[in-house]
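In what follows, a structure is listed as structure tokens, so that the remarks can point back to it.
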Amino acid sequence: MDFQQSEDRRMIAETLRRFVADELPIDARNKAAYGERGHDPAAWARLAELGIAGALFPEDAGGFGGHGFDIAVLFEELGRGLVVEPFLGSLMAGRALAVTGDHDRLAAIVAGETIVAFAHDEAGADEVADIAVRADRAGDGWRIEGTKIVVPHGEAAGLLLVTARTAGEAGERDGVSLFLVDPSDPGVTRRGYTNIDGGRSADIGFDAAPATLVGGEGAGAAAIEAATDAGLLALSAEALGAMEVVRDLTLDYLRTRQQFGVAIGKFQALQHRMADLLLEIEQARSAVINAAAAFDEPTSSARSRALAAAKYTAGRIGRMVAEEAVQLHGGIGMTWELPLSHYAKRLVMIDHQLGDEDHHLARYIALGRDAQGS
């Protein structure tokens, strides 16, 4: 496997890194993340203008990338900069729309003209098909009933892509459909809140809300799986980028903080802990590379196992890196003024998005058993 990034990927990663350094330093990031919208609309428009969103989608969907390594490279940089603009939701919604063939709305996402929130999670749901929100025919259209929770940027979105059941029961793969909902329509209520790591999410209620079917009725499972797979790779890569920054911050602190007249980095016990941390981060990098390579493979079981392994590894090691870094810094490690605290919170939260490490470890084991049985 060739681990060298292509020239195009290096260029767009460097462009994103320079933009974040110049336009989105940590204080500006925090101001936007904990503000009323949870992100900076001007930064989102500028990033789209630079073509960052377009790199996440293939050419036939209006982009110019879309491969596993395109997603991994960009989200690693987003993780390094703690960028809170709605890239994850746009990626997942865009991937789902691409499967349904709705390229017009996908083009609006790529251009940064609209934020489409992917409203999928529900209370008590554990698997992708655990959908209880229902949609029923109403004349020539559809009406949706139920509640979606923790929808990233759901409060600021101009359009909602909602998963709903048109047949069957929760847990069944068949009978799930995708719908576009205008959040300003009657029957839609949004309760927004700030996440503990910055950014905003929303719980969204639907009370006979009008909706437009996207794709075939009852055939939304493939689109949801495509969105989820892309999200798992993106989160794993984002965690890797955040870990790298935490590593560098901690190494710098160990070299400069003095105790008993010497830098604490000279203490052998701390050197051993840091060496273990560096090895774990390299393991996380290997898992992300493996997942990015498998992302483009046609065999869904192999892709699913690689993505589960990457998300499990990113969750486990990300939490370890956050905890060790804070301990090595001491009390200052969780102060608001120190960037480390914000990276630590983000790493912990990434573990809980789209399934935590326990979920994906169990999923990896189950997929392995299925592969052996076949």
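When reading the values below, keep in mind they use all heavy atoms of this one structure, side chains included, and skip hydrogens, waters and symmetry mates.
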Starting at CD of E76, measure out to CG of L16 and round the result to the nearest 0.5 Å. 11.0 Å
In short, salt bridge (charged side-chain N to carboxylate O under 4.0 Å, His left out) pairs touching residues 133-153 with sequence neighbours left out are E122-K148, R137-E217
May I ask you to check whether H67 and F69 place their ring centers less than 6.0 Å from one another? no
Partners meeting ring pair (Phe, Tyr, Trp, His ring centres under 6.0 Å) with H360 (sequence neighbours left out): none
Could you tell me whether the side chain of T335 and the main chain of G331 form a donor-acceptor pair under 3.5 Å? no
V321 with L338, same ILVMFWY side-chain cluster at under 4.5 Å: yes
Report yes or no: do I115 and L88 belong to one cluster of Ile/Leu/Val/Met/Phe/Trp/Tyr joined by side chain heavy-atom distances under 4.5 Å? yes
Ignoring hydrogens, what is the shortest heavy-atom contact between A96 and F118? Give both atom names and the distance. CB-CE1, 4.3 Å
Using a 3.5 Å distance criterion without hydrogens, assess whether the side chain of K311 forms a donor-acceptor pair with backbone atoms of G355. yes
Run the side chain to side chain contact (heavy atoms under 4.5 Å, CB included) test on V20 and V83 for me, step by step, so that the C-alpha distance in whole Å, both residues' side-chain angles and the decisive distance to 0.1 Å come before the verdict. CA-CA 8 Å; V20 170; V83 177; 3.7 Å; yes
Is there a side-chain contact between I224 and I131, using heavy atoms and a 4.5 Å cut-off? yes
Side chains of L279 and E282: does their closest heavy-atom pair fall under 4.5 Å? no
With a 3.5 Å distance limit and no angle check, can you tell me whether H39 reaches the backbone of R200 through a side-chain donor-acceptor pair? no
Do the side chain of R247 and the main chain of A325 share a donor and acceptor less than 3.5 angstrom apart? no
Are the side chain of E155 and the backbone of R191 linked by a donor-acceptor contact shorter than 3.5 Å? no
Counterpart residues, ring pair (Phe, Tyr, Trp, His ring centres under 6.0 Å), relative to F267 (two or more places apart): none
Should we count CE of M11 as having more than 12 external heavy atoms under 6.0 Å? no
Just by distance, no angles: are the side chains of D203 and Y193 close enough, under 3.5 Å, to form a donor-acceptor pair? yes
Run R369 and I365 through side chain to side chain contact (heavy atoms under 4.5 Å, CB included) and show every step you take. CA-CA 6 Å; R369 287 173 181 164; I365 294 171; 3.8 Å; yes
Going by side-chain contact (heavy atoms from CB on, under 4.5 Å), name the residues that satisfy it together with M349, two or more places apart in sequence or in a different chain. I196, D197, R346
F295 atom CZ, over 12 foreign heavy atoms within 6.0 Å: yes
Quick one: salt bridge (charged side-chain N to carboxylate O under 4.0 Å, His left out) pairs with a partner in residues 101-116, sequence neighbours left out? D102-R105
R303 side chain to E297 backbone, donor-acceptor under 3.5 Å: yes
Contact list for residues 74-111, test ring-ring contact (aromatic ring centres under 6.0 Å, His included), sequence neighbours left out: W44-F87
Over all heavy atoms of both residues, which pair between V188 and V181 is shortest? Give the atoms and the distance, please. CG2-CG1, 3.8 Å
Cluster link L254 to V262, ILVMFWY, side chain under 4.5 Å: yes
Please determine if E225 and R173 form a salt bridge, counting it only when a charged side-chain N lies under 4.0 Å from a carboxylate O. yes
Examine distances only and state if a side-chain atom of Y343 and a backbone atom of R80 form a donor-acceptor pair shorter than 3.5 Å. yes
Can L74 and E77 be said to form a side chain to side chain contact (heavy atoms under 4.5 Å, CB included), step by step? CA-CA 5 Å; L74 285 183; E77 289 300 325; 5.7 Å; no
Between R10 and E7, is the salt bridge (charged side-chain N to carboxylate O under 4.0 Å, His left out) condition met? List the steps. CA-CA 5 Å; R10 282 197 297 270; E7 184 63 26; 2.7 Å; yes
Would you call R46 and E49 a salt bridge, using N to O less than 4.0 angstrom? yes
Between Y312 and Y364, is there a side-chain heavy-atom distance shorter than 4.5 Å? no
Contacts of type side chain to side chain donor-acceptor pair (under 3.5 Å), residue T100, not counting sequence neighbours: none
Taking ring pair (Phe, Tyr, Trp, His ring centres under 6.0 Å) as the definition, give me every residue that meets it alongside Y253, ordered by chain and number, with sequence neighbours left out. H329
Across all chains, not counting sequence neighbours, the side chain to side chain donor-acceptor pair (under 3.5 Å) partners of D121 are none
Measure the shortest side-chain to side-chain distance between T228 and R95 over non-hydrogen atoms and say whether it is less than 4.5 angstrom. no
Those residues at least two apart in sequence (or on a different chain) that pass side-chain contact (heavy atoms from CB on, under 4.5 Å) with F64 are I12, A55
Once rounded to the nearest 0.5 Å, what's the spacing between atom CG of L277 and atom CD1 of I317? 9.0 Å
Sole candidate of T189, T147, L160 that passes side chain to side chain contact (heavy atoms under 4.5 Å, CB included) when paired with F206: L160
Flag yes if V110 and L161 sit in one hydrophobic cluster, no otherwise; membership is Ile, Leu, Val, Met, Phe, Trp, Tyr, and two members link when side-chain heavy atoms are under 4.5 Å apart. yes
Taking the side chain as everything from C-beta on, heavy atoms only, tell me whether L178 gets closer than 4.5 Å to V99. no
Within-4.5 Å side-chain heavy-atom neighbours: L354 and M92: yes
Applying side chain to side chain donor-acceptor pair (under 3.5 Å) to R255 and not counting sequence neighbours gives none
Can you list everything that forms a side chain to side chain donor-acceptor pair (under 3.5 Å) with R190? Sequence neighbours excluded, please. none
Taking all heavy atoms of L82 and all of R29, pick out the closest pair and write down the distance. O-NE, 2.9 Å
Please report the shortest heavy-atom distance between G333 and V326, naming the atom on each side. O-CG2, 4.2 Å
For the pair E357 and R316, find out whether any cationic side-chain nitrogen is under 4.0 Å from an anionic carboxylate oxygen. no
Heavy-atom neighbours of E36 CD exceed 12 at 6.0 Å: no
Shortest non-hydrogen pair, H352 vs R319, comes out as NE2-NH2, 3.3 Å
Examine F57 and V73 and state if one hydrophobic cluster contains both, with Ile, Leu, Val, Met, Phe, Trp and Tyr joined whenever side-chain heavy atoms are less than 4.5 Å apart. no
Are the side chain of D296 and the backbone of G68 linked by a donor-acceptor contact shorter than 3.5 Å? yes
Run the side chain to side chain contact (heavy atoms under 4.5 Å, CB included) test on E172 and R165 for me, step by step, so that the C-alpha distance in whole Å, both residues' side-chain angles and the decisive distance to 0.1 Å come before the verdict. CA-CA 9 Å; E172 296 178 3; R165 187 163 291 283; 4.0 Å; yes
Backbone N or O of G66 within a donor-acceptor pair of the D70 side chain at under 3.5 Å? yes
Under the 3.5 angstrom rule, does the side chain of S177 hit a backbone N or O of T166 as a donor-acceptor pair? no
Which heavy atom of A242 sits nearest a heavy atom of L347, and at what distance? CB-CD2, 3.8 Å
